[in-house]
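Written out below as structure tokens is the structure these notes cover.
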Amino acid sequence: MVDIVEQNSGPGAALYACAPCREQRGLTPVVEQAHEVAYRDYLIHTTDCAGCSRLGRCDVGGRLREIYQRALDGAA
């Protein structure tokens, strides 16, 4: 999968590309895209960190969240 298309109503769509197409067009699988990697790092941290909760984040959690947001903004 190389992209996820979200919609306001109804199901979204997933876009797939075979290996030769990914190579020819320089496509990166979703799981390797910067915003996805940053989000996984953030989720893993907040799952294990006692200082992160719905009410706030520890310093590391806050930095990881900022990295994720910057990556997400750059992906748009």
Side-chain angles (χ1 to χ4, degrees):
M1 181 167 36
V2 294
D3 199 6
I4 299 170
V5 180
E6 296 185 22
Q7 298 181 11
N8 288 337
S9 63
L15 302 179
Y16 294 88
C18 64
C21 290
R22 288 194 310 265
E23 188 174 321
Q24 285 176 347
R25 293 168 178 82
L27 301 172
T28 304
V30 168
V31 296
E32 296 174 12
Q33 293 175 11
H35 63 284
E36 289 294 324
V37 172
Y39 188 58
R40 273 195 312 275
D41 290 345
Y42 171 70
L43 286 180
I44 290 168
H45 173 79
T46 57
T47 299
D48 296 336
C49 178
C52 290
S53 70
R54 290 179 183 235
L55 300 176
R57 297 177 188 93
C58 73
D59 290 340
V60 173
R63 284 193 301 274
L64 288 170
R65 176 73 170 97
E66 289 172 13
I67 291 168
Y68 163 63
Q69 190 59 55
R70 282 195 304 271
L72 190 62
D73 292 343

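The structure presented is a predicted model; accordingly, all values stated were derived computationally and were not measured.
For the atom pair R65 CZ and D41 CG, the distance stands at 13.5 Å (nearest 0.5 Å). Residue C18 holds its SG atom at 10.0 Å from CD of E23, rounded to the nearest 0.5 Å. Summarising the geometry, atom CG belonging to D73 is positioned 4.5 Å from atom CD belonging to Q69; distances are rounded to the nearest 0.5 Å.
Taking the side-chain contact (heavy atoms from CB on, under 4.5 Å) definition, one finds that R40 meets it with V31, E36, V37, sequence neighbours left out. For I44, the side-chain contact (heavy atoms from CB on, under 4.5 Å) test picks out D48, with sequence neighbours left out. Not counting sequence neighbours, the partners of Y68 by the ring pair (Phe, Tyr, Trp, His ring centres under 6.0 Å) test are Y39. E66 meets the side-chain contact (heavy atoms from CB on, under 4.5 Å) test with R70; sequence neighbours excluded. Not counting sequence neighbours, the partners of E32 by the side-chain contact (heavy atoms from CB on, under 4.5 Å) test are T28, P29.
Side-chain contact between C58 and H45 is present, with heavy atoms from C-beta onward closer than 4.5 Å.
Residue M1 belongs to a hydrophobic cluster whose other members are I4, Y16, V30, with links defined by side-chain heavy atoms closer than 4.5 Å.
For the pair R22 and V2, the tightest heavy-atom approach, listed with the atom from each and the gap, is CD-CG1, 3.7 Å. Among all heavy-atom pairs drawn from L27 and A17, the shortest one is CD1-CB, 3.9 Å.
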